[in-house]
Every structure is written in C-alpha cells, then in structure tokens.
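In each ligand, atom 1 is the first atom listed, and ligand 1 is the first ligand listed.
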Amino acid sequence: VSKNVTDALALADQGLRRSDDLVALRRRLHRIPEVGLHLPQTQSAILAELEGLGLEITLGDRITSVTAVLRGGGPGDTVLLRSDMDGLPIRERSGLAWASTNGAMHACGHDLHMSGLVGAARILAENRDRLHGDVVFVFQPGEEGHGGGRIMVEDGVLAASGTLPVACFAIHVLPTGPAGAFRTKAGAVMAGMNELRVTVRGVGGHASAPHELRDPVPVIAEITLALQTLVTRRFDVADPVVITVTQLSSASEAVNVVPASASLAASVRTLSAASLETLKVEVPRLANGIAAAHGCAAEIEIVELYPVTVNDAAETAFAVDALGAAFGGQRVDVMTSPMMASEDFSYLLDAAPGAFLLMNATPDAVGPENAQTLHSDSVVFDDSLLGDHAVALATLALERLAGAR
Ligand SMILES: [Zn+2]
Ligand SMILES: [Zn+2]
C-alpha cells in the first residue's frame with residue numbers, strides 16, 4: 001500500500017466536509033424506501049446526486065440500477081465500488097423524525113450505503129487527476145432476496161469501464177458493535193443462502209380416529225426436530241451449517257380435522273459448496289425416511305438463493321492495510337469467523353476478485369444492550385459516520401489503483 005499520511009488526512013478532511021450533505025441525503029433516501037428490483041424514486045434521487053461529476057452513466061434495462069464510470073487522469077486498471085439500493089417490506093417503528101411512512105423501511109442500512117457511495121464518487125471526481133485508472137460506481141436494486149446482483153452480473157456490469165475490474169469492494173453498515181470499526185476476513189465472509197421446503201402427504205380425516213388415517217402433522221414435527229440432529233451428525237463442525245425452520249403449516253381448516261398434508265419451510269445457511277452438496281443428499285434421505293416410517297410420502301425442494309460471499313485473500317489484506325493507514329489500525333478488525341447472514345455481492349465476487357467489509361454504525365446514545373439488529377423495525381444507525389464510509393470507499397479505489405501501477 002502506497003498510502004501516505006498526507007493523502008489520508010486530505011481525504012478524511014474531504015469526508016468531513018461532505019458529512020452534513022451525506023447525512024441530509026441519507027435521511028431523504030430513508031423517507032422513500034422502495035422494495036425489490038424496481039426503485040424508480042430511489043434511482044432518480046441517485047441520478048440527481050451524481051449530476052455534474054462528469055461520470056459515464058448507464059441505467060439498467062431490466063432493473064432500476066445506476067452504473068457510473070469515472071475516468072481517471074491517467075491510464076490504469078478498473079476498481080468497482082458497489083452499494084445496494086433496496087429497502088424491506090417492514091413498517092418502521094424507529095420513532096425517528098425522518099422515519100419512513102410508506103410501509104417499507106431501510107432497515108438494512110442501504111440508504112447509508114447509497115449516500116456513502118455518492119460521497120466517494122464526489123471525492124474521487126475531485127481527485128480525478130490523481131486517479132490512475134477508472135472507478136465504476138454500482139448502485140444495485142434488489143439485494144434483499146431478489147437477486148439484483150446476479151442480474152447485474154448477467155447484464156455485464158463487470159464490463160462497464162471496458163476492462164474487467166481488478167478489484168470490487170462494498171462496505172455494509174452494522175447497527176451493533178463499536179462505532180466506526182471496520183471488519184472483514186479473507187475467504188468465506190458471509191454464508192450462502194438457500195430455502196428448504198418439505199411437504200408430507202398422508203391421509204386426512206376425523207381427528208378422533210387417527211389410526212384409520214395417515215396423520216402428517218407428527219411427521220412434519222419429527223422432521224423439524226431431526227433436521228437439527230442432522231446438522232450435528234452429518235456436517236463437519238469446522239464447516240458450519242445453519243438450518244432454521246421458520247414456518248410450519250398444515251392444510252387443516254378445523255381443529256377436529258386431520259389434514260392430508262403438512263409442510264415446513266426453513267432458511268438454510270452454508271459456507272461451502274461441499275456442505276450444500278451434502279445437504280442435497282442428506283435432507284431428502286432424512287425426510288423421505290421419516291415419512292416412509294409413518295406410511296406417508298415427502299416432497300423436498302431446496303432452492304439455492306445466494307452463493308457464499310468469498311473474499312479474495314490478497315484484496316482483503318490490501319483493504320485491511322489501506323483502511324488501517326487511513327483510519328488507524330485500531331479501527332480495523334480481522335474477523336475470526338464469518339457471519340451466517342448472506343449477500344448478493346457474492347455474485348460479483350464469484351466473477352472478479354475483491355472484498356466485502358462491514359462497518360459498525362451504532363449511535364452513541366444506543367448502548368450495546370439496546371442495539372437492534374439489521375432488519376429490525378426499530379433499528380437505528382449513526383449517520384454521522386457517513387463521511388468515513390465515503391472516505392473508506394474512496395481510499396480503497398485510489399490506493400488500489402495507485403498500487404496496481
Ligand atoms: Zn438485509
Ligand atoms: Zn443489507
């Protein structure tokens with residue numbers, strides 16, 4: 001890393017000067033959360049913010065993405081910086097003055113990500129002459145389970161500048177942990193996300209005569225519990241798997257009616273392709289076996305949603321060094337284990353090297369014991385850290401391109 005202290009201070013100063021603007025932008029975005037792949041209001045808000053920066057802008061055909069290319073003052077490689085754009089279908093109960101009232105909520109901090117990336121675009125556009133290569137700013141809809149990242153890769157976001165990026169970076173805020181700290185790790189950093197559905201089919205009828213039926217309800221209950229034993233007996237503890245059954249249902253419309261079928265749905269998190277393959281063999285064997293033992297039949301569906309987010313070792317080491325130089329080593333932690341949450345930045349990292357990082361943004365007024373998690377209807381973030389978020393992204397791009405010369 002070629003970072004010198006003067007550069008870092010100059011960038012930090014620019015971040016500080018931006019901070020009020022970015023907070024105002026973040027709060028405007030917070031009021032207009034949109035869900036899914038089509039976010040027209042959010043897209044036009046971002047476009048207005050990027051105006052006048054001299055960026056080459058492309059809008060998505062299939063989704064409301066914004067891809068903006070900044071050409072540096074000298075030739076060089078390309079670095080890609082990405083923000084997600086979507087909110088969640090959650091009714092906000094944060095009590096904040098700028099809370100959303102439209103029935104959706106930026107409960108995952110994507111409003112902060114957009115503001116931070118706008119800040120980085122402004123800083124880098126101002127420092128265009130010092131930039132050796134190009135920076136691609138990606139604003140991506142549909143991170144929350146809609147696969148926006150996959151669509152953008154399919155639609156060629158990696159070719160936006162004309163050359164494949166040498167590195168891709170994203171920084172996700174977290175509403176817990178010491179404010180301002182950055183965290184990441186090499187290798188698997190976020191889990192793969194999959195959905196499991198099991199339906200047990202039996203024979204329904206009168207609740208007073210189960211011996212004449214094939215009651216699927218105790219069978220789905222047995223499968224629910226057996227899945228937890230499966231996790232501990234069929235998977236290596238060093239390659240963790242989480243199976244969380246979140247939905248149980250039956251087709252019964254009345255308490256005195258045994259239904260003909262009962263089903264479960266589970267969120268399944270994995271950290272390797274190998275454990276996903278094991279899952280595809282073991283879960284059907286378990287469910288079919290238990291159902292057969294009770295004279296029922298099982299149908300099993302496993303839907304792969306997001307792959308594991310895997311950080312490139314060299315790009316992660318670069319990011320840790322660059323942020324340590326810019327903010328001080330005490331603000332950068334190397335995680336000892338991955339988070340079992342998931343991210344569709346994984347699609348970009350499957351196609352190009354890079355690193356996904358986390359930044360803690362817990363407000364001082366909210367103690368660690370009261371901090372809510374991402375996706376909570378009352379989660380709050382410290383948006384005074386947006387200047388740092390912007391500087392961190394700008395630093396990664398500027399330093400990575402300087403180092404690659
Ligand atoms: Zn989320
Ligand atoms: Zn998120």
Side-chain angles (χ1 to χ4, degrees), residues 26 29-30 32-37 39 42 46 63-66 81-94 100 103-118 120 137-153 168-177 181-184 188-195 242 244 246 267-269 305-311 335 338-349 354-362 371-383 385-386 389 392-393:
R26 181 262 162 157
L29 291 168
H30 194 82
I32 55 160
E34 296 173 289
V35 175
L37 296 167
L39 323 171
T42 309
I46 294 300
I63 59 178
T64 53
S65 59
V66 177
L81 304 175
R82 171 273 205 174
S83 162
D84 31 24
M85 298 168 80
D86 55 328
L88 287 147
I90 295 174
R91 194 165 293 281
E92 179 160 0
R93 290 188 180 81
S94 69
S100 147
M105 179 179 177
H106 272 300
C108 203
H110 299 181
D111 50 340
L112 286 96
H113 304 166
M114 289 185 275
S115 308
L117 189 57
V118 164
F137 305 95
V138 175
F139 296 86
Q140 173 221 306
E143 191 286 321
E144 298 288 357
H146 307 277
R150 179 179 50 77
I151 295 173
M152 293 203 71
V153 170
C168 303
F169 298 104
I171 303 177
H172 200 300
V173 293
L174 279 182
T176 48
F182 296 94
R183 287 197 274 161
T184 190
V189 65
M190 303 285 275
M193 177 165 68
N194 315 276
E195 277 179 10
V242 174
T244 301
T246 51
S267 185
V268 180
R269 309 298 168 120
L305 294 175
Y306 290 170
V308 182
T309 304
V310 182
N311 280 350
M335 298 153 70
M339 281 181 73
M340 294 306 282
S342 309
E343 245 300 328
D344 75 351
F345 191 61
S346 53
Y347 288 102
L348 275 167
L349 291 187
F356 182 78
L357 299 98
L358 299 153
M359 179 189 189
N360 295 337
T362 318
Q372 305 290 315
T373 63
L374 293 173
H375 294 201
S376 156
D377 64 4
S378 41
V379 67
V380 290
F381 298 90
D382 182 359
D383 54 17
L385 290 164
L386 278 172
H389 194 266
L393 289 167

Original post:
Taking the inter-plane angle between the rings of H389 and H113 on a 0 to 90° scale, is it parallel (under 30°), tilted (30 to 60°) or perpendicular (over 60°)?
Top reply: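 The rings of H389 and H113 lie parallel, inter-plane angle below 30°.
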**OP:** Measuring from the Zn ion (ligand 1), name the closest N, O or S atom belonging to E144.
**Re:**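 Checking each N, O and S atom of E144, the shortest distance to the Zn ion (ligand 1) belongs to OE2.
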**OP:** For residues A188 and V308, report the shortest heavy-atom separation together with the two atoms involved.
**Re:**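 So the two residues come closest at CB-CG1, 3.8 Å.
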Original post:
How many degrees, to 10°, between H110 NE2 and H172 NE2 as seen from the Zn ion (ligand 2)?
Top reply: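 My answer is 120°, to the nearest 10°.
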**OP:** Angle at the Zn ion (ligand 1): provide the value between NE2 of H375 and SG of C108, rounding to 10 degrees.
**Re:**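 With the Zn ion (ligand 1) as the vertex, NE2 (H375) and SG (C108) sit 100° apart.
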Original post:
In a check of side-chain contact (heavy atoms from CB on, under 4.5 Å) between R183 and each of L174, I171, L357, V189, which one passes?
Top reply: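 Passing option: L174.
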Original post:
Taking D86 for the side chain and E143 for the main chain, is one N or O donor matched with an acceptor at less than 3.5 Å?
Top reply: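 The answer is yes, because a donor-acceptor pair under 3.5 Å joins these two groups.
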